[in-house]
Amino acid sequence: YEIIPLKENFDSEKRKDLTSVPLNDFTIPENSFLVVDKNNELEIFHMKDFPEYGFLPDHDQKRRIIKLFSDKKAASTFCKKNQKFIKVPNGKVFGLVSPFLLEKGISRIIFDENLLSIQ
């Protein structure tokens with residue numbers, strides 16, 4: 001079967017970011033793992049570092065993010081030689097420190113397959 005293309009004009013510049021979930025609406029589990037550098041400083045990434053989010057507009061590609069994992073094995077396979085991961089025993093800490101993350105320019109968290117927005 002052939003599907004006839006839509007003849008509507010879509011304004012992709014004004015599209016809404018439907019991929020992210022507000023951090024307040026998401027529950028990060030008690031034990032999660034955070035990627036840091038060798039000096040235990042936050043390892044900050046950009047959205048463009050993750051090809052699965054390549055469909056987002058250019059201004060979203062420049063956003064600064066941190067990466068969280070739900071299991072130790074996934075975190076260890078993601079880390080490069082100059083990185084390591086630390087265990088975060090309380091997932092609620094990210095809600096508490098969200099003003100500090102925003103101050104550093106970090107506006108998103110990737111947790112496994114979820115994109116969370118910090119407000």
Side-chain angles (χ1 to χ4, degrees):
Y1 294 99
E2 182 179 348
I3 299 175
I4 301 171
L6 295 174
K7 295 182 180 182
E8 299 292 323
N9 292 330
F10 293 102
D11 187 9
S12 62
E13 291 298 318
K14 294 182 179 179
R15 67 182 167 184
K16 192 174 178 183
D17 182 12
L18 300 175
T19 58
S20 63
V21 176
L23 181 61
N24 296 337
D25 295 346
F26 189 83
T27 304
I28 297 176
E30 289 301 311
N31 292 322
S32 59
F33 299 90
L34 175 66
V35 177
V36 295
D37 65 9
K38 289 292 183 185
N39 297 324
N40 290 335
E41 294 289 328
L42 277 179
E43 191 67 42
I44 300 172
F45 301 96
H46 288 92
M47 191 69 71
K48 64 183 174 187
D49 297 333
F50 299 92
E52 60 268 24
Y53 296 107
F55 63 91
L56 293 173
D58 288 337
H59 68 278
D60 282 340
Q61 294 294 325
K62 296 175 185 172
R63 290 186 186 270
R64 298 175 74 182
I65 61 169
I66 56 175
K67 179 80 172 154
L68 294 176
F69 296 91
S70 60
D71 66 355
K72 190 182 217 182
K73 185 177 180 182
S76 65
T77 57
F78 180 82
C79 289
K80 297 177 183 166
K81 289 183 180 181
N82 62 343
Q83 299 172 333
K84 62 181 181 177
F85 62 91
I86 58 173
K87 183 178 180 180
V88 181
N90 186 354
K92 295 177 184 174
V93 72
F94 295 103
L96 296 173
V97 299
S98 61
F100 300 108
L101 293 174
L102 287 171
E103 189 176 295
K104 286 185 160 263
I106 301 167
S107 61
R108 298 286 189 267
I109 296 174
I110 294 181
F111 178 74
D112 289 339
E113 299 297 320
N114 301 297
L115 181 61
L116 309 174
S117 63
I118 302 171
Q119 299 172 343

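Computation of the quantities below employed the complete heavy-atom set of this structure, encompassing side-chain atoms and omitting hydrogens, waters and symmetry-equivalent molecules. For the single chain, residues carry numbers from 1 onward in sequence order.
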Say whether, by atom type as modelled, one donor and one acceptor occur between the side chain of Glu43 and the main chain of Lys38 under 3.5 angstrom.
no
Ser76 and Lys73 have their tightest heavy-atom pair at OG-O, 2.9 Å
Euclidean distance, Ser32 OG relative to Asn90 CG, rounded to 0.5 Å:
9.0 Å
The side chain to side chain contact (heavy atoms under 4.5 Å, CB included) partners of Glu41 (sequence neighbours excluded) come to Asp37, Asn39
Straight-line distance of Asp60 CG to Ile65 CD1, nearest 0.5 Å
11.0 Å
Lys62 and Met47, any side-chain heavy atoms less than 4.5 Å apart:
no
To the nearest 0.5 angstrom, please state how far the CG atom of Asp58 sits from the NZ atom of Lys48.
10.0 Å
Is the Phe45 to Phe78 ring centre distance short of 6.0 Å?
yes
Rounded to the nearest 0.5 Å, how far does CD1 of Ile109 lie from CG of Leu23?
5.0 Å
Give a yes or no on whether Glu52 atom CD has more than 12 heavy-atom contacts from other residues, nucleotides or ligands under 6.0 Å away.
yes
Nearest heavy-atom neighbours spanning Asn40 and Lys84:
OD1-CE, 2.7 Å
Within the structure provided, determine whether Leu42 and Ile106 are in side-chain contact (heavy-atom separation under 4.5 Å).
yes
With sequence neighbours excluded, what pairs up with Pro22 under the side chain to side chain contact (heavy atoms under 4.5 Å, CB included) test?
Asp25, Ser117, Gln119
In a table with atom names and distances, give each donor-acceptor pair under 3.5 Å that connects a side chain of residues 92-104 to protein atoms at least two apart or in another chain.
unit_1, atom_1, unit_2, atom_2, d
Ser98, OG, Gly95, O, 3.0

Are any of the side-chain heavy atoms of Arg108 and Ile118 separated by less than 4.5 Å?
no
Which atom names give the shortest non-hydrogen contact between Ile110 and Asp112, and what distance separates them?
CG2-O, 3.6 Å
Asn114 side chain vs Val21 backbone, donor-acceptor pair below 3.5 Å
no
Evaluate the side-chain proximity of Phe26 to Phe111: yes if any heavy-atom separation is below 4.5 Å, no if none is.
yes
